Amino acid sequence: MESLFFYLFAALAVVCGILMVANPFSRNPVTSAMFMVLTMISLAGVFVLLHAYFLAAVQILVYAGAVMVLFLFVIMLLNLKEEEKRKPGWVRMGFGLVSAGLFAALLLRSVAAARNAPLETAAATVDGGVKPLGLLLFTEYPLPFEIMSILLLVGMVGVVVLSKKELK
Amino acid sequence: MIGLSHYLALSAILFSLGLLGVLVRRSLLVVYMSLELMLNAANLALVAFSRFNQNLDGQVVVFFIITVAAAEVAVGLALIVALFRLRQTTHIEDLNTLNH
């Protein structure tokens, strides 16, 4: 059952990821944004399989909610049309494919080399529910948590300053 | 049986897809989305290691990464809007002032 769902979500994530970065039917950024959301939702499914329930919920809230709305808002605000068909960058496309492919081969090769590590099939004894994660967050990591809230404040102020009519 | 290496392989594939998007797409916004995909692939690897190490620390790190990513998206998109107001374009080949 677990493997069925893993392959389902993994296939969904990879297919939507491919359609996001290299969609043969549409160069429209809105399509890319929609497929990005589908990828994030499939990743949330994979998080559930990994017993990270809280992170799955946060993933959907933050990515399918906030980030997608921000992206769509900016796309609509800038009134972006499809990527104009300029001189097709075949060289650039080819080099990009080759380097990304080689990088994928490198990563997959190293994953395959560690296939028989003792960690491989350990049974889950911890659950990433709200309670254990919250306990850990507020007992072991209170300082990073506070720094994170300052970071969010700084981000908010920064966005307001950047969005002002004229930058001085 | 699904083991650690399956999750790591999925994470590697998604990361390479994000890299491909950064390298070949020319719209600044789509490049930005591909960056998000790479960040999520790293998150997946962290959660997988956390689950198979019987240790929740990795998930706390992922929680922080998601927070930083949300702030980063807001600031980055504000920068893109400011850039668009200045240059009327988000096509990366038009942003070559440092070239000449």
Side-chain angles (χ1 to χ4, degrees), chain A residues 2-3 6 10 13-14 17-18 20-21 29 32-33 36 39-40 43 46-47 50-52 55 58 62 66-67 70-71 74-75 77-78 80 83 92-93 96 99-100 103-104 107-108 111 114-115 119-122 124-126 128 132-133 136-137 141 144 148 151-152 155 158-159 162-163 167, chain B residues 1-10 12-21 23-27 29-30 32-34 36-37 40 43-44 47-48 50-57 59-60 62-64 66-75 77-82 84 90-91 93:
Chain A
E2 192 201 340
S3 39
F6 173 78
V14 170
I18 291 173
M20 176 190 127
V21 299
S32 289
M36 181 185 78
T39 314
M40 301 310 171
L43 274 180
V46 177
F47 283 179
L50 284 167
H51 297 246
L55 286 180
V58 167
V62 171
V67 170
L70 263 178
F71 268 110
V74 169
I75 292 170
L77 188 71
L78 301 186
L80 292 181
E83 254 172 82
R92 175 200 178 97
M93 199 81 91
S99 35
F103 190 72
L107 283 180
L108 290 174
V111 169
R115 201 176 48 240
L119 277 183
E120 176 67 18
T121 52
T125 55
V126 290
L133 212 59
L136 192 62
L137 201 59
Y141 297 95
M148 226 31 86
L151 177 88
L152 284 178
V159 169
L162 281 173
S163 309
L167 285 170
Chain B
M1 186 61 199
I2 301 297
L4 176 59
S5 52
H6 289 78
Y7 292 103
L8 292 183
L10 175 61
I13 292 171
L14 286 177
F15 191 91
S16 312
L17 273 177
L19 182 67
L20 180 70
L23 289 176
V24 303
R25 293 303 294 261
R26 281 110 151 249
S27 164
L29 274 162
V30 182
Y32 210 59
M33 289 176 206
S34 307
E36 290 299 310
L37 186 61
N40 267 275
N43 280 353
L44 175 60
V47 174
S50 142
R51 145 83 172 75
F52 285 92
N53 268 318
Q54 320 294 345
N55 191 335
L56 279 181
D57 290 340
Q59 298 196 13
V60 174
V62 170
F63 177 72
F64 288 140
I66 290 179
T67 319
V68 174
E72 174 235 336
V73 166
V75 174
L77 287 178
L79 278 174
I80 291 179
V81 171
F84 186 82
T90 59
H91 198 281
E93 283 174 3

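The basis for the numbers below is simple: all heavy atoms, side chains too, and nothing from hydrogens, waters or symmetry mates. Naming: A, B, ... by sequence-line order, numbering from 1 per chain. Because the structure is a prediction, the values reported are computed rather than measured.
- Most heavy-atom pairs under 4.5 Å with chain B, from the set A:Val67, A:Leu108, A:Leu55, A:Val74: that is A:Leu55.
- Contact annotation for B:Phe15: only side-chain heavy atoms (C-beta onward) come within less than 4.5 Å of a heavy atom of chain A.
- Shortest non-hydrogen contact noted between A:Ala52 and B:Val47 is CB-CG1, 3.8 Å.
- Interface summary for chain A: among B:Ile13, B:Leu10, B:Leu19, the most heavy-atom pairs under 4.5 angstrom belong to B:Leu10.
- Both the backbone and the side chain of B:Glu36 come within less than 4.5 Å of a heavy atom in chain A.
- Top candidate by heavy-atom pairs under 4.5 Å with chain A, chosen from B:Asp57, B:Val73, B:Val81, is B:Asp57.
- With a threshold of 4.5 angstrom between heavy atoms, B:Phe63 approaches chain A through its backbone and through its side chain.
- Closest of all the heavy-atom pairs between B:Ala78 and A:Ser163 is CB-OG, 4.0 Å.
- The shortest side-chain heavy-atom distance between A:Val111 and B:Tyr7 does not fall under the 4.5 Å cut-off.
- A pairwise comparison of heavy atoms in B:Ala71 and A:Leu151 identifies CB-CD2, 4.4 Å as the closest pair.
- Contact tally against chain B (heavy-atom pairs below 4.5 Å) for A:Glu2, A:Met20, A:Met36, A:Met93: the top residue is A:Met20.
- The residue among A:Gly17, A:Ala100, A:Gly158 with the most heavy atom pairs within less than 4.5 Å of chain B is A:Ala100.
- By number of non-hydrogen pairs under 4.5 angstrom with chain A, the leading residue of B:Leu8, B:Ile66, B:Asn55 is B:Ile66.
- Residue A:Val62 touches chain B through its side chain alone, counting heavy-atom pairs closer than 4.5 Å.
- Shown here for A:Val21 and B:Ser34, the closest heavy-atom pair between the two residues is CG1-OG, 3.8 Å.
- If you take CD1 on A:Ile75 and CG on B:Leu77, they are separated by 9.0 Å, rounding to the nearest 0.5 Å.
- The shortest side-chain heavy-atom distance between B:Leu23 and A:Arg92 does not fall under the 4.5 Å cut-off.
- For B:Leu29, the parts sitting under 4.5 Å from any heavy atom of chain A are the backbone and the side chain alike.
- What you find for A:Ser32 and B:Arg25 is that their closest heavy atoms are OG-NH1, 4.0 Å.
- Of the listed residues B:Ala9, B:Ala69, B:Gly18, the one with more heavy-atom pairs under 4.5 angstrom with chain A than any other is B:Ala9.
- Most heavy-atom pairs under 4.5 Å with chain B, from the set A:Val46, A:Val58, A:Leu77: that is A:Val46.
- With a threshold of 4.5 angstrom between heavy atoms, A:Thr39 approaches chain B through side-chain atoms but not through N, CA, C or O.
- Using a 4.5 Å cut-off between heavy atoms, B:Thr67 touches chain A through backbone and side chain atoms alike.
- Proximity to chain B involves both the backbone and the side chain of A:Ala10, based on heavy atoms less than 4.5 angstrom apart.
- Looking at A:Leu43, only its side chain comes within 4.5 Å of chain B, counting heavy atoms on both sides.
- Counting heavy-atom pairs closer than 4.5 Å to chain A, the top residue among B:Val62, B:Leu56, B:Val75 is B:Leu56.
- Both the backbone and the side chain of A:Phe71 come within less than 4.5 Å of a heavy atom of chain B.
- Top candidate by heavy-atom pairs under 4.5 Å with chain B, chosen from A:Gly96, A:Gly155, A:Ala66, is A:Gly96.
- Contacts with chain A were tallied for B:Asn43, B:Leu37, B:Leu44; B:Leu44 has the most, counting heavy-atom pairs under 4.5 Å.
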